[in-house]
Structure formats: structure tokens, C-alpha cells
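Here is the structure we will look at.
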Amino acid sequence: IEYAKANNHEIIDLSGKTVVPGFIDAHMHLGPMIYAPLYFDCSKYNSINAITDHLLEKASDNGWIVGKKYDHETIRDKRHLTKNDLDAVSKDIPIFIIHVSGHIAYINSKAMEVRELTSESFIDGGEFGKNENGELNGILYEYAVDAVYRDIPEPSEKQIENCLMDMAPFLHEMGITSVHDSCSDSSNLYRKEGHVYRELAKRDNLPIRINLFLPYQRSEDMKNDMLDANSLLMDRETYHDFFKVSTIKTFADGSLRGGTAAITKPYKETNNYGMLTISEEIIDQYMKAALATQKQLAIHALGDHAVDFVISSYKKYLTKGNDKSWRIEHYGMASDENIFDTEKYGIYSALNPIFLFDTGDAIYEKIDKTLYSRLFRINSLYSKGLKLGFGSDCPVCSCNPLKAIASAINRKSKSGQLINENEKIDIYDAFEIYTSGGAYGSFDENIKGKLLPGYLADMVILDKKLDETCIDDIKVS
């Protein structure tokens with residue numbers, strides 16, 4: 001302050017407010033978030049009948065009805081949608097509804113016809129659900145979701161740009177200045193998003209800093225991009241400190257709340273252990289591609305079986321260190337051995353503490369109680385000195401960083417259930433993870449995430465001092 005006064009710098013008195021670095025969301029899906037106004041929002045309704053009564057209102061010019069944010073855990077009916085539910089809305093217009101987790105979707109008979117699906121249809125890493133008679137029931141799991149999603153007409157580049165510009169002020173109100181963008185999981189849409197963001201950055205008009213992930217669900221797409229010098233995958237530039245492509249992403253399993261995350265004990269009252277969505281052979285192709293393209297590799301793993309599978313795979317290639325910060329996205333469950341290996345090999349973890357609040361009750365209801373101690377082991381990882389980032393997984397959960405920080409501190413579900421209490425961290429560590437931790441995960445630890453001379457001036461003003469006893473009352477000013 002004295003230096004600033006002596007050199008006639010402007011001094012702003014915040015009257016007891018707090019300045020922190022801009023929040024860095026280390027795992028969100030920017031595309032699905034900004035497109036929300038384009039699609040039917042199932043979360044506004046509390047029953048299947050209410051949803052189906054209103055679906056036709058969102059019939060679009062592209063010939064499909066598309067809905068988002070269906071949650072069978074919170075809907076009054078407490079079940080998944082089926083083909084029969086959606087056929088009651090229309091048998092002439094294809095309907096596609098995606099679960100809030102993003103790992104399950106629901107379609108009607110017309111969508112099956114468009115996609116030419118039959119009871120014999122099969123896809124690696126996914127499943128087309130069937131009823132007790134062996135007939136398709138309209139429920140799609142994991143890679144089967146993308147198999148239909150990619151047939152739906154995409155937003156235009158102009159729509160993507162407009163949606164981003166409309167949503168940017170909301171992100172800024174949350175204090176978010178940078179995102180690690182896992183994009184849309186559609187095979188083609190993430191390329192279009194990336195090109196739009198890159199062009200905006202070239203014109204110095206991108207409203208938020210983006211580290212783009214390329215979420216390949218098919219290794220063939222990745223291999224084709226490796227042969228294209230103009231592809232996003234082969235782009236090694238950073239545009240005005242606002243846009244770069246540094247990460248290849250893929251999936252090892254699904255969702256805990258959806259029952260598709262791969263776990264070591266069956267989900268309660270079932271014989272279902274979830275599913276691994278990738279084989280050893282394919283994951284090996286991703287690791288080799290990451291090395292060949294000098295990219296970071298990020299693998300989605302929520303269940304303890306999936307986490308163990310990813311770490312075991314990484315160990316083959318990280319014997320000389322992890323200079324590219326290969327990552328585990330979500331890292332939902334972990335054994336002590338997993339924690340040990342994560343430290344030994346320096347694996348970066350992008351965790352989602354907001355899951356504790358938003359989905360904690362549903363997860364506790366689904367998994368065996370002997371697995372509770374493995375859930376979201378933030379303190380076990382952080383206390384080892386490991387680099388972590390916090391992300392929202394938005395639009396799966398709220399993108400409000402302060403809500404996620406509160407979850408990391410108090411580890412309470414919506415019902416007030418304490419979840420793995422020993423894994424609490426304090427408010428200062430939580431803020432560090434949501435700022436400098438995110439910067440480390442995108443190789444930006446020397447330019448952002450801290451309030452230091454020479455760093456980017458990404459700052460957020462909070463209306464109160466940092467105090468975890470009143471974390472729920474702290475707001476972005």
C-alpha cells in the first residue's frame with residue numbers, strides 16, 4: 001500500500017470486503033450449459049406427467065424435441081423415463097431427453113426409427129436398455145447416448161457464439177474467470193464449439209478464459225485428428241491468454257447417481273456393478289496419442305473400480321514422472337492404495353465437492369455402506385501435497401464456486417447427512433484449490449490463480465472476510 005501511495009497508484013478501499021483470485025472451474029461442460037435456453041428443462045417439473053404435458057411446447061425447427069436435466073431421483077415418480085412415456089407425447093416427432101448426469105438418456109420410438117435401432121443393436125462402452133421381453137425400452141446408457149445424440153441437428157456457430165455471450169455475465173457474477181471446458185460430448189459439436197471459441201479469442205473477444213478438452217468417445221476420431229495439421233488436437237497455440245487446447249479426454253465409467261459408475265461392490269439390492277466404458281487396448285491408444293501430441297490426458301472415473309483401472313493404466317507410462325499432469329476427472333472414490341499411487345506418480349485430480357451436496361443423499365442410498373469411506377477423498381489427496389482442482393461439472397450441478405467450497409468445508413448433503421467427515425478441508429485450502437489449483441491443471445500456474453505482480457488481473461471481490469463459520473453467507477460482491 002505504501003509503495004502504491006508513493007508511486008501515485010490508484011487505491012480502492014473495499015471497506016472490509018475481500019479480494020481473491022478469479023475462480024477457475026477445473027471441470028465443466030460449457031456448451032451444454034450455455035445451450036440451456038435452447039432445450040426443454042425437465043428440472044422445472046416434479047412429475048413425469050407434468051413433463052410430458054409440456055414437452056411439445058419445445059418442438060424445434062430442427063425436427064426434434066430435446067430435453068435436459070431429467071433426474072429420476074428427485075422426480076415424484078422416482079423412476080427413469082421410458083419409450084412409452086415419450087410415445088404418449090408423439091410418435092411422429094423424435095424425442096431425446098438427457099439425464100442430469102449426462103450418462104443416461106431417453107428416446108421415443110421415432111428416435112429409434114431415425115437411428116435404425118433394434119433389439120439387436122450393440123455399442124462398445126454403452127448399452128441400449130431393454131424391457132423384460134427383450135425389447136428396447138428407450139433408455140440409453142453411456143456411449144449409447146452419443147450414438148443417438150450425434151444425429152440431432154447441432155446449434156449453428158452463430159448460435160454458439162450468441163449463447164456464450166448471453167451466458168458470460170452469469171459466469172462472471174459467480175466469480176468464474178477461467179474454465180477447463182469438457183465441452184459437449186457429441187462427436188461433432190465439441191469441434192464446432194472449439195472453432196467458435198478460438199476465432200473469438202483471435203479477435204480478442206472471448207469473454208472467459210477457456211482451456212478446451214477434446215472429449216473423444218471414439219478413438220477413430222482422435223486418430224483422424226492426429227493426421228490433420230489444422231485440427232484442434234494439433235493446435236499448440238495460446239490465443240491472448242484466453243484460449244488453448246491442451247487436453248484429450250475420455251471416459252472410464254459413468255455416473256454414481258445413475259448406477260453406471262464402475263464400483264467394486266454391487267449397487268444396493270442389485271447385481272449391478274456399473275460399467276467400465278473403455279478397454280485396456282483402447283485406453284492404451286489414448287495414452288500413446290497424448291504422448292505423441294504432447295497433450296495432457298484426462299480420464300473420467302467416478303467409481304473405485306474405474307479409478308483403480310485408470311491409475312493402473314497410467315502407471316505403465318508415468319514411470320519417469322507426470323510432466324503433462326495427466327488427470328483423473330471427478331475421482332469419486334478411492335482406496336488407500338489409490339491415494340498412495342496418486343502421490344507416487346503425481347497424478348492431478350479434478351474433484352467436484354458440489355457432488356457432496358447435490359448428489360450425496362442419492363449416492364448413499366445406492367452404494368454399499370462399506371464404500372462410504374472411499375467417497376471424494378479431498379483431504380487425503382490434498383494433505384499429501386498433491387495438486388488438485390475443483391470443478392462444478394456444470395450443468396450437472398450448480399457452477400457457483402462458493403457453494404462447492406462450502407461443500408468441501410462441511411461435507412453435508414441436502415438432507416444434512418455428513419459424508420466422509422474426515423475428508424473435510426478448511427476454507428483457505430478450498431479457495432486455493434479453486435484458484436491456483438485450477439491454474440496448475442492447465443499449466444497456467446505462473447500467470448494466474450494468485451494475486452502476485454506479473455499475474456493476470458483476474459480478481460473477485462467477496463462481500464465478507466473469509467470465515468468458514470459463515471461460508472454460506474459469503475457472496476460475490
Output, in order, the C-alpha distance, side-chain angles, deciding distance and verdict of salt bridge (Lys or Arg N to Asp or Glu O under 4.0 Å) for E269 and K366.
CA-CA 9 Å; E269 300 178 4; K366 280 186 171 294; over 6 Å; no

Run the salt bridge (Lys or Arg N to Asp or Glu O under 4.0 Å) check on D124 and R218 step by step: do they pass?
CA-CA 10 Å; D124 284 327; R218 297 183 296 182; over 6 Å; no

Any idea how H300 and H103 line up, ring-wise: parallel (<30°), tilted (30 to 60°), or perpendicular (>60°)?
tilted

Using modelled atom types only, decide if a donor and an acceptor are shared between the side chain of Q296 and the backbone of S325 within a distance under 3.5 Å.
yes

Non-hydrogen side-chain atoms of L388 and E432 separated by less than 4.5 Å:
no

Could you grab the distance from atom OG of S407 to atom CG of N352, nearest 0.5 Å is fine?
11.0 Å

Might you work through the salt bridge (Lys or Arg N to Asp or Glu O under 4.0 Å) test for K192 and E154, ending with a clear yes or no?
CA-CA 9 Å; K192 190 182 289 186; E154 301 165 351; 3.2 Å; yes

Parallel, tilted or perpendicular: ring planes of F431 versus F23, cut at 30 and 60 degrees
tilted

So do the side chains of L233 and V245 get within less than 4.5 Å of each other, counting heavy atoms only?
no

In sequence, state the C-alpha distance, the side-chain angles, and the governing distance for R411 and E421, and then conclude on side chain to side chain contact (heavy atoms under 4.5 Å, CB included).
CA-CA 6 Å; R411 295 189 68 94; E421 186 176 7; 5.9 Å; no

Calculate, to the nearest 0.5 Å, the distance between atoms CH2 and OG belonging to W326 and S313 respectively.
9.5 Å

Step by step, work out the side chain to side chain contact (heavy atoms under 4.5 Å, CB included) result for L86 and I97.
CA-CA 9 Å; L86 300 180; I97 308 292; 4.2 Å; yes

Could you tell me whether Y440 atom OH has more than 12 heavy atoms of other residues or ligands within 6.0 Å of it?
no

Without hydrogens or angle criteria, can the side chains of D253 and T277 be said to hold a donor-acceptor pair below 3.5 Å?
no

In terms of heavy-atom contacts, does CD of E57 have more than 12 from other residues, nucleotides or ligands at under 6.0 Å?
yes

Within a strict 4.5 Å, meaning less than it, do heavy atoms of the I299 and E329 side chains meet?
no

Take atom NZ of K78 as the centre, draw a 6.0 Å sphere, and report whether it contains more than 12 heavy atoms from other residues, nucleotides or ligands.
yes

Check: D444/S442 side-chain N/O donor and acceptor closer than 3.5 Å:
yes

Please determine if E423 and R374 form a salt bridge, counting it only when a charged side-chain N lies under 4.0 Å from a carboxylate O.
no

Indicate whether the side chain of S398 and that of N400 have a donor and an acceptor atom separated by less than 3.5 Å.
no

Can you tell me if K464 uses its side chain to pair, donor with acceptor, with the backbone of D473 under 3.5 Å?
yes

How far apart are the C-alpha atoms of E113 and R115, what are their side-chain angles, what is the distance that settles it, and do they pass the salt bridge (Lys or Arg N to Asp or Glu O under 4.0 Å) test?
CA-CA 5 Å; E113 178 187 324; R115 191 62 183 85; over 6 Å; no

Hey, what's the ring geometry for Y286 with Y216, parallel, tilted or perpendicular (30° and 60° as the breaks)?
tilted

Between I95, N108, T52, which is the residue that forms a side-chain contact (heavy atoms from CB on, under 4.5 Å) with D87?
N108

Mind checking the SG-CD1 spacing from C42 to I98? Nearest 0.5 Å is all I need.
10.5 Å

If the plane angle is over 60° it's perpendicular, under 30° parallel, otherwise tilted; pick one for F243 and Y197.
perpendicular

Do Y273 and H305 get their side chains close enough for a donor-acceptor pair, meaning under 3.5 Å?
no

Do P353 and I405 come close enough that some side-chain heavy atom pair is under 4.5 Å?
no

With R209, which of D25, D241, D458 fulfils salt bridge (charged side-chain N to carboxylate O under 4.0 Å, His left out)?
D458

More than 12 heavy atoms of other groups within 6.0 Å of K412 NZ
no

Nearest-0.5 Å distance, CE of residue M112 to OG1 of residue T118
10.5 Å

Are the ring centres of H54 and F40 closer than 6.0 Å?
no

Quick one: does any side-chain atom of E468 pair with a main-chain N or O of I427 as donor and acceptor, under 3.5 Å?
yes

Validation row: V66, I152 side chains within 4.5 angstrom (heavy atoms):
yes

Does the side chain of L136 reach to within under 4.5 Å of the side chain of N131, using non-hydrogen atoms?
no

When you measure from the side chain of D304 to the backbone of T264, do you find a donor-acceptor pair of N or O atoms at a distance under 3.5 Å?
yes

Does any donor atom in the side chain of E142 or T260 lie under 3.5 Å from an acceptor atom in the other side chain?
yes

Short side-chain donor-acceptor distance under 3.5 Å, E135 and S119
no

About how many Å separate CD of E193 and SG of C183, when rounded to the nearest 0.5 Å?
5.0 Å

What about the rings of H27 and H180, do their centers lie closer together than 6.0 Å?
no

Taking C-beta and beyond as the side chain, do P401 and F390 meet within less than 4.5 Å on heavy atoms?
no

Would you check, one step at a time, whether the test side chain to side chain contact (heavy atoms under 4.5 Å, CB included) holds for I104 with L140?
CA-CA 5 Å; I104 300 172; L140 312 174; over 6 Å; no

Verdict with reasoning, F355 to D393, per side chain to side chain contact (heavy atoms under 4.5 Å, CB included):
CA-CA 9 Å; F355 284 5; D393 205 24; 3.4 Å; yes

Rounded distance (nearest 0.5 Å) linking atom CD of E120 with atom CZ of F128
12.5 Å

Cut-off 3.5 Å, side chains only: do N211 and D181 have a donor facing an acceptor?
no

Any sub-3.5 Å donor-acceptor pair from D368's side-chain atoms to K268's backbone N or O?
no

May I ask you to say whether D225 pairs ionically with R191, meaning some side-chain N is under 4.0 Å from a carboxylate O?
yes

Is K110 close to K91 at the side-chain level, that is, under 4.5 Å between some pair of heavy atoms?
no

Has D85 got a side-chain atom pairing as donor or acceptor with L81's backbone, closer than 3.5 angstrom?
no

